[in-house]
Amino acid sequence: MTKEVKIGKAHIGGGGPLMVIAGPCVIESREVVMETARAMKEICERLGLPFVFKSSFDKANRTSINSFRGPGLKEGLTILADVKMELAVPVISDVHEPMQIKAAAGVLDALQIPAFLSRQTDLVVAAAKSGKPVNIKKGQFLSPWDVKNIVAKFESAGGTGLIITERGTSFGYNNLVVDFRSFPVMRRYGVPVVYDLTHSLQLPGGQGTVSGGQREFAPAMLRAAAAVGIDGVFLEVHPDPDKALCDGPNMISLSGVEGMLRTAKEIDDLLKGAC
C-alpha cells in the first residue's frame with residue numbers, strides 16, 4: 001500500500017481511485033487551457049476519478065531554439081490561478097530551478113519536477129521545503145531502483161508529499177520503452193506512482209527539430225499499466241492535438257480520453273477488489 005498524498009481536494013495513493021493528472025503540454029492560451037480543464041473536470045466527475053489539471057508555464061527543455069515555450073512564469077501562473085478559482089480544480093505545473101519555487105508554490109497545489117531534472121539535488125530539496133506535494137518524473141536514464149535516492153533526498157529535506165512518475169526509459173536513439181516491472185519496484189518505496197502515458201509514447205527529437213509520438217498505442221499501454229498496478233495516470237490532452245504548439249504527436253484528443261479512462265478505471269477497480 002502506498003502512502004496517501006493530498007493535492008488540493010484530490011487524493012492519490014493509499015488504495016484510493018486512480019488520480020488523473022491531465023491538460024495541454026504547455027499553456028498556449030487562456031482559452032485552450034479553460035476549455036481543456038473544463039472538459040477534463042466533467043469527464044473525471046462522470047467517472048468518479050480525482051482530477052488535477054496540469055499545463056506548463058514554460059517548457060525549458062525543447063528540441064529547437066525555435067520551439068514554443070509558453071507564456072512564462074508570471075502570465076502562466078495567472079492563468080493557472082484562474083483555472084483553480086473558476087473551475088475549483090487543483091493545479092500543478094513544472095518548476096525548473098529553485099528560484100521559481102516560491103512564486104509557483106503561492107499558486108499551485110503541487111509542484112512538478114521534469115524528468116531531466118530528477119537528480120538535481122538543489123531543486124529536489126527546495127521543492128521539498130516548499131511544503132507542497134511534489135511529483136517528480138523519473139529520468140529516462142534512471143532505473144526504477146534509483147528512485148530510492150530521489151525519495152531519500154526529498155525526505156531528508158522534510159518533504160512528505162512525494163509522487164513518482166514513470167515516463168519511459170531511453171531505448172536507443174529517438175525512442176522510449178516502458179518496463180512495467182518499474183511500477184511494483186517503485187511502489188515498494190511507499191510513494192504513489194503515476195504512469196505518464198503520453199510522454200512514454202514520445203519519440204524524442206524524432207522529427208529533427210521537434211519530437212514525434214505514437215499516440216495510437218495509448219489505449220493498450222494504459223490498459224497494461226492499470227493491470228500491473230498504478231496510483232494515477234498522467235496524460236497530456238488537447239482539443240486538437242494536430243494543431244498543438246508542443247508535443248502534438250503524442251497528445252490525446254479530448255474526444256478520445258473518456259473511453260480510455262473508463263477502461264483503466266474498470267481494470268483498477270477489478271485489481272483492487274481482488275486484493
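As the structure is a prediction and not an experimental result, all values here were calculated from the model.
- Within a 6.0 Å sphere centred on NZ of Lys41, heavy atoms belonging to other residues, nucleotides or ligands number more than 12.
- With Phe57 as the fixed residue, the side-chain contact (heavy atoms from CB on, under 4.5 Å) test singles out one of Ile79, Leu77, Val107: Leu77.
- Residues that satisfy the side chain to side chain contact (heavy atoms under 4.5 Å, CB included) test with Arg46, not counting sequence neighbours, are Glu42, Ile43, Glu258.
- Between the CD atom in Glu4 and the CG atom in Asp231 there is a gap of 10.5 Å [rounded to 0.5 Å].
- Just one of Ile113, Val5, Thr165, Val52 meets the side-chain contact (heavy atoms from CB on, under 4.5 Å) condition when paired with Asn135; it is Thr165.
- No donor-acceptor pair under 3.5 Å is formed between the side chain of Glu86 and the backbone N or O of Ala88.
- Taking each heavy atom of Met260 and Leu222 in turn, the nearest pair found is O-CD2, 3.7 Å.
- At most 12 heavy atoms of other shown residues, nucleotides or ligands fall within 6.0 angstrom of atom NZ in Lys129.
- Other residues, nucleotides and ligands contribute more than 12 heavy atoms inside 6.0 Å of the NZ atom of Lys148.
- Glu28 contributes a side-chain N or O that, together with a main-chain N or O of Leu245, makes up a donor-acceptor pair within less than 3.5 Å.
- For Ala10 against Phe51, the heavy-atom pair with the smallest separation is CB-O, 4.2 Å.
- Judged purely by atom type and a 3.5 angstrom limit, Arg69 has no side-chain atom pairing as donor or acceptor with the backbone of Val26.
- Side-chain polar atoms of Asp94 and Ser56 form a donor-acceptor pair below 3.5 angstrom.
- No more than 12 heavy atoms of other residues, nucleotides or ligands shown are found within 6.0 angstrom of CZ on Phe171.
- The hydrophobic cluster containing Val147 does not contain Ile12, counting ILVMFWY residues as joined when their side-chain heavy atoms lie under 4.5 angstrom apart, directly or transitively.
- With salt bridges taken as basic N to acidic carboxylate O contacts below 4.0 Å, none links Asp146 and Lys138.
- The shortest non-hydrogen separation linking Ser182 to Glu166 is OG-OE1, 3.0 Å.
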